[in-house]
Amino acid sequence: MDIGSGKGAVVLYASEYPFRAVIGVEASPELHQTALANVARSAERQCCDKVTAVCADALQWPLPAGPTMLYLYNPFPPTVTARFLGQVRESFVTDPRPLRIMARLAPGDQQLEDQTWLTLRACGRTWAIYETS
């Protein structure tokens with residue numbers, strides 16, 4: 001699930017792998033329309049059967065059941081990131097499952113590091129991968 005999916009580039013990359021489903025959530029109607037066109041144009045390259053682009057507020061969109069990977073490329077200001085991570089945690093508590101977050105947040109945004117229910121699995125200079133413990 002790509003949060004703040006823009007024109008759908010990460011959705012398209014992910015669709016080339018055998019995920020059960022790939023979902024892009026974007027709040028901007030203009031970017032969402034471009035994402036829909038890009039997903040339709042790349043159908044022949046998709047290995048995943050369920051590729052979905054959604055125009056919605058990510059704070060209102062429910063996380064899918066089952067193992068979930070979230071991709072966050074600085075989608076929110078820090079205050080909204082905190083609310084989103086709270087909702088992700090609540091979803092995990094309600095439905096314990098493997099959950100992975102690959103993120104690149106704004107410089108200085110340490111919010112993922114503060115999530116005691118997540119474990120850092122890998123990191124680079126500008127990104128990090130966290131998983132449920």
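The structure displayed is predicted, hence computed values, not measured ones.
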> Given the rule that I, L, V, M, F, W and Y join up when any side-chain heavy atoms are under 4.5 Å apart, are Tyr17 and Val22 in one cluster?
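In one cluster: yes.
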
> Does Asp95, at its CG atom, have more than 12 non-hydrogen atoms belonging to other residues, nucleotides or ligands within less than 6.0 Å?
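Check passes, neighbour count above 12.
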
> Indicate the atoms forming the closest heavy-atom contact of Gly8 with Ala35, along with that distance.
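Smallest heavy-atom distance, with atoms named: N-CB, 3.9 Å.
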
> Shortest non-hydrogen contact from Leu118 to Thr132?
CD2-N, 4.0 Å

> Using 30° and 60° as the class limits, which term best fits the ring planes of Trp117 and Phe92: parallel, tilted or perpendicular?
parallel

> Do Arg97 and Ser91 have side-chain N/O donor and acceptor atoms under 3.5 Å apart?
yes

> Could I get the full list of salt bridge (Lys or Arg N to Asp or Glu O under 4.0 Å) partners for Arg100, not counting sequence neighbours?
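For Arg100 the salt bridge (Lys or Arg N to Asp or Glu O under 4.0 Å) partners, ignoring immediate neighbours, are Glu131.
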
> Taking atom CG of Leu112 and atom OG1 of Thr81, what is their separation to the nearest 0.5 Å?
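Separation between the atoms: 8.0 Å.
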
> Is the CZ atom of Arg121 crowded by more than 12 outside heavy atoms at less than 6.0 Å?
yes

> To the nearest 0.5 Å, what is the distance between CD (Gln87) and CG (Leu63)?
8.5 Å

> So, for Lys50 and Arg20, which heavy atoms are closest and what is the spacing to 0.1 Å?
CB-O, 3.9 Å

> If hydrophobic clusters are built from ILVMFWY residues whose side chains come within less than 4.5 Å, do Val54 and Val80 share one?
yes

> Donor-acceptor check, side chain of Ser42 to backbone of Ala40, threshold 3.5 angstrom: yes or no?
no

> Just jot down the side-chain hydrogen bond (donor to acceptor under 3.5 Å, both in side chains) partners of Glu30, sequence neighbours excluded, or say none.
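With sequence neighbours excluded, Glu30 shows a side-chain hydrogen bond (donor to acceptor under 3.5 Å, both in side chains) to Ser28, given in chain and number order.
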
> Give a yes or no answer on whether the side chain of Gln46 reaches the backbone of Val39 with a donor-acceptor pair at less than 3.5 Å.
yes

> Between Cys55 and Ala27, which heavy-atom pair has the shortest distance, and what is it?
SG-O, 3.8 Å

> So which heavy atom on Pro64 is nearest to which on Met1, and how close?
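Where Pro64 meets Met1 most closely, the heavy atoms are CD-SD, 3.6 Å.
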
> Give the minimum heavy-atom separation between Phe19 and Cys48, together with the two atoms involved.
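That closest heavy-atom pairing would be O-SG, 3.2 Å.
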
> Once you round to the nearest 0.5 Å, how far does CG of Leu85 lie from CD of Gln111?
6.0 Å

> Please tell me whether Met102 and Phe84 are part of a single hydrophobic cluster in this structure, the criterion being side-chain heavy atoms less than 4.5 Å apart.
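Result: no, two separate clusters.
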
> What is the distance from atom CD of Glu16 to atom CZ of Arg45, rounded to the nearest 0.5 Å?
5.5 Å

> Show your reasoning for whether side chain to side chain contact (heavy atoms under 4.5 Å, CB included) applies to Arg83 and Thr79.
CA-CA 7 Å; Arg83 287 178 50 209; Thr79 56; over 6 Å; no

> From Gln33 CD over to Asn38 CG, what is the distance, rounded to the nearest 0.5 angstrom?
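Going from CD on Gln33 over to CG on Asn38, the span is 11.5 Å.
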
> When rounded to the nearest 0.5 angstrom, what is the spacing between CG in Asp2 and OH in Tyr71?
7.0 Å

> Consider only side-chain heavy atoms of I, L, V, M, F, W and Y, link residues closer than 4.5 Å, and tell whether Leu59 and Ile101 are in one cluster.
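Cluster IDs for Leu59 and Ile101 match.
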
> Kindly work out whether a path of hydrophobic side-chain contacts (I/L/V/M/F/W/Y, heavy atoms less than 4.5 Å apart) joins Leu72 to Val10.
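Looking at the clustering, Val10 is in a separate group from Leu72.
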
